[in-house]
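To keep things clear, I will list the structure first and then write my remarks on it.
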Amino acid sequence: MSKEVKLPEDFSARLVAWQRSHGRHALPWQNTREPYRVWLSEIMLQQTQVSTVLGYYQRFTERFPTVQHLAEAQLDEVLAQWQGLGYYSRARNLHRCAQAVVAQHGGQFPSSAEALVALPGIGRSTAAAIASFCFEQRVAILDGNVKRVLSRLLAFEGDLASSTAEKQLWAHAQALLPEASADMPAYTQGLMDLGASLCAARSPQCLLCPVSDLCRARAQGEPTRFPIKTRKLKRSQRENWWLWLEHEGRIWLEQRPHKGVWAGLWSLPLFDTEADLLQRARALGGEPEVLPRMEHALTHFDWVLHPRRALLRQAEAADSGRWVAREELPTYALPAPLKKLLVG
DNA sequence: CAAGCGTGGCG
DNA sequence: TCGCCAAGCTT
């Protein structure tokens, strides 16, 4: 008998077995093959950790039990439910996707990755996750976890900053799939579980790994050398002044444009200079009080925000925003640092 | 296709 | 502290 390993077969078989015995089975979006619930979880989990998603998923499914409920809701309410989760275009696309499923697919999610990927907010990896979990389709996912697991398994030297290398890794991911469709849910979950636990970015626990003897990175003695990606995002700085106008306990909020940072969320008026802010405040009869500066980090820049608070004797209405009572604030989608500032 | 898009946690 | 990372997608 040959002891030669057959990489694809052995890898998928062991991963599936490991997932069934050691993987996660009790997350709220598991133990169901309802596409609505799986889809919702996959969107929430994009670039977001499980522990963060748990509470949002619970509240969201209570408020919107079906795709029809979500499709009929106001975008503002969807955004309010999403508030604090980040990457708010996901919420906008989620709403659009629900409406497309109702209008174009009779309220039933399509059952192939090819059809799923045509829907708003569903890319190649998310489509594959839904199709493999719900419909046992043999299609590969390739998220951050899987890039790490596979690039280590194969000691993949390609630079994942390049589209060529990423394309190659997609091909490897597809080639490693189990032959049996029935194994797809456990296999896909196993990749995610392995990447989230043993095959961690910093300190992988190779001694516990079910495929450590197949892993070429481990054989080379340097598992953390993979994945290779050279791109370093250049972070920039921004500084703005934030005008907190208040009148008889109500706060002036303006909805941000549907593109850019905090798209569609409600915010205080933002100014590029303190002089601009003072001009606006004084025109309304207010004299701003200086509040402590806030520092807020986004993915691509560091933001210094200078809140200034002005109490007005009289309030003028305007089309650009609304006077909002404190009790109403929870129904508004506020950026995380603004919630901290206003609600505490 | 490179850049834009949130937030929280961790070593 | 601070850079990196997390079930990526859109334009």
Side-chain angles (χ1 to χ4, degrees), chain A residues 19 23-24 27-30 37-57 79 82-94 96-97 116-133 140-149 160-167 170 173 185 187-197 199-204 224 227 229-236 238 256-265 267 294-303 333-340:
Chain A
Q19 202 288 322
R24 294 173 289 188
L27 294 169
W29 44 85
Q30 293 182 307
R37 299 200 158 232
V38 173
W39 163 70
L40 177 61
S41 72
E42 290 300 330
I43 303 298
M44 286 187 165
L45 287 160
Q46 288 170 0
Q47 303 285 279
T48 310
Q49 295 188 339
V50 167
S51 56
T52 305
V53 166
L54 289 171
Y56 285 90
Y57 180 84
L79 281 168
W82 202 271
Q83 96 107 49
L85 198 51
Y87 285 139
Y88 297 98
S89 65
R90 289 186 295 173
R92 179 178 304 273
N93 287 332
L94 192 82
R96 286 176 51 211
C97 183
L116 287 162
V117 81
L119 292 165
I122 300 183
R124 180 172 177 182
S125 190
T126 298
I130 299 168
S132 65
F133 284 141
I141 61 168
L142 192 64
D143 57 31
N145 281 330
V146 182
K147 285 176 183 172
R148 186 168 58 252
V149 171
L160 293 185
S162 88
S163 59
T164 304
E166 186 157 323
K167 199 172 169 185
W170 271 110
Y187 176 80
T188 299
Q189 188 66 49
L191 280 178
M192 295 173 168
D193 290 351
L194 191 62
S197 58
C199 199
R202 300 287 177 94
S203 48
T224 56
K229 46 185 164 186
T230 58
R231 184 189 304 156
K232 291 155 191 155
L233 68 141
K234 328 157 212 174
R235 301 177 55 76
S236 57
R238 273 187 218 181
R256 293 186 53 81
H258 72 284
K259 296 215 172 224
V261 174
W262 296 338
L265 272 63
S267 175
M294 306 178 72
E295 293 173 14
H296 187 67
L298 284 82
T299 305
H300 49 302
F301 63 90
D302 288 313
W303 209 349
L334 306 178
L338 182 58
K339 187 180 181 187
K340 208 171 299 175

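Throughout, a chain's letter reflects where its sequence line sits, starting with A, and its residues are numbered from 1. Please read these numbers as outputs of a predicted model, since none were measured by experiment. Reckoned from all heavy atoms, side chains included, excluding hydrogens, waters and symmetry mates.
Residues L94(A) and W39(A) are in side-chain contact: their nearest non-hydrogen atoms beyond the backbone lie under 4.5 Å apart. Between K147(A) and K229(A) there is no side-chain heavy-atom pair separated by less than 4.5 Å. Between L85(A) and R90(A) there is a side-chain heavy-atom pair separated by less than 4.5 Å. For the pair W29(A)/V50(A), a side-chain contact is recorded, criterion being any heavy-atom separation below 4.5 Å from C-beta on. Using a 4.5 Å heavy-atom threshold, the side chains of W82(A) and Y88(A) count as touching.
When the P atom of dC9(C) is taken as reference, atom CG of L94(A) falls 14 Å away, rounded to whole Å. Distance, L85(A) CG to dT7(B) C1': 8 Å, rounded to whole Å. Distance, K339(A) NZ to dG8(B) C1': 14 Å, rounded to whole Å. The nearest whole Å value for the distance from the CZ atom in R256(A) to the P atom in dG4(B) is 15 Å. Summarising the geometry, the separation between CZ on F301(A) and P on dC5(B) is reported as 6 Å, rounded to the nearest angstrom. Here the P atom of nucleotide dT7(B) and the CG atom of L338(A) are 10 Å apart, to the nearest Å. Note: CD (E166(A)) to P (dC9(C)) measures 10 Å, nearest angstrom. Put simply, CG on L119(A) is 15 Å from C1' on dT10(C), counting in whole angstrom units.
Residues from residues 125-133 of chain A that place a heavy atom under 4.0 Å from any atom of DNA chain B: there are none.
Ionic pairing of R238(A) and D302(A) is not present here: no N-O contact between side-chain nitrogen and carboxylate oxygen is shorter than 4.0 angstrom.
Projected onto DNA chain B by closest heavy-atom contact, A161(A) and P337(A) fall at different nucleotides, the more 5' of which corresponds to A161(A). If A336(A) and R202(A) are placed on DNA chain B by their nearest nucleotide, the residue sitting closer to the 5' end is A336(A). Remark on DNA chain C: of its neighbouring residues V50(A) and G121(A), the 5'-side contact belongs to V50(A), judged by nearest-heavy-atom nucleotide.
Within the 4.0 angstrom heavy-atom criterion, no nucleotide atom of any strand lies near L142(A). In this structure, L27(A) reaches the bases: a heavy-atom distance under 4.0 Å links it to at least one base atom across the strands shown. Among the atoms of the strands shown, none is found under 4.0 Å from any heavy atom of G195(A). At the heavy-atom level, R235(A) lies nowhere under 4.0 Å from the strands shown. Within 4.0 Å of R24(A), counting heavy atoms only, lies at least one base atom of the nucleic acid.
For dG8(B), the base has no donor-acceptor partner in the side chain of T52(A) [N/O atoms by modelled type, under 3.5 angstrom]. Under 3.5 Å, the side chain of S51(A) and the base of dG9(B) form no donor-acceptor pair of N or O atoms.
In terms of phosphate contacts, H300(A) brings no side-chain nitrogen or oxygen within less than 4.0 Å of OP1 or OP2 of dA3(B). Residue W303(A) places no side-chain N or O under 4.0 Å from the OP1 or OP2 atom of dG6(B). Side-chain N/O atoms of Q49(A) include none lying less than 4.0 angstrom from OP1 or OP2 on dG9(B). Between Y88(A) and dT7(B) there is a side-chain polar atom (N or O) within less than 4.0 angstrom of OP1 or OP2.
Comparing dG6(B) with dT11(C), their P atoms sit 14 Å apart, to the nearest whole Å. Rounded to whole Å, the P atom of dC4(C) lies 16 Å from the corresponding atom of dA3(B).
Side chain of K259(A), nearest nucleotide from dG8(C), dT11(C), dC5(C): dT11(C). Distance from the side chain of T299(A) is smallest to dC5(B) among dC5(C), dC5(B), dG8(C). Of all nucleotides listed (dT10(C), dC1(B), dG6(B)), dT10(C) comes nearest to the side chain of N93(A). Picking from dT7(B), dC9(C), dG6(B) the nucleotide with the shortest atom distance to the side chain of H296(A) gives dT7(B). Residue W262(A) has its side chain nearest to dG6(B) when only dG8(C), dC5(C), dG6(B) are considered.
Scanning for side-chain contact (heavy atoms from CB on, under 4.5 Å) contacts around P337(A) gives W242(A), W262(A), M294(A), H296(A), P335(A), with sequence neighbours left out.
In this structure, S132(A) and A129(A) approach most closely via the heavy-atom pair OG-O, 3.2 Å.
The CZ atom of R256(A) sits 13.0 Å away from atom NE2 of H258(A), with the distance rounded to the nearest 0.5 Å.
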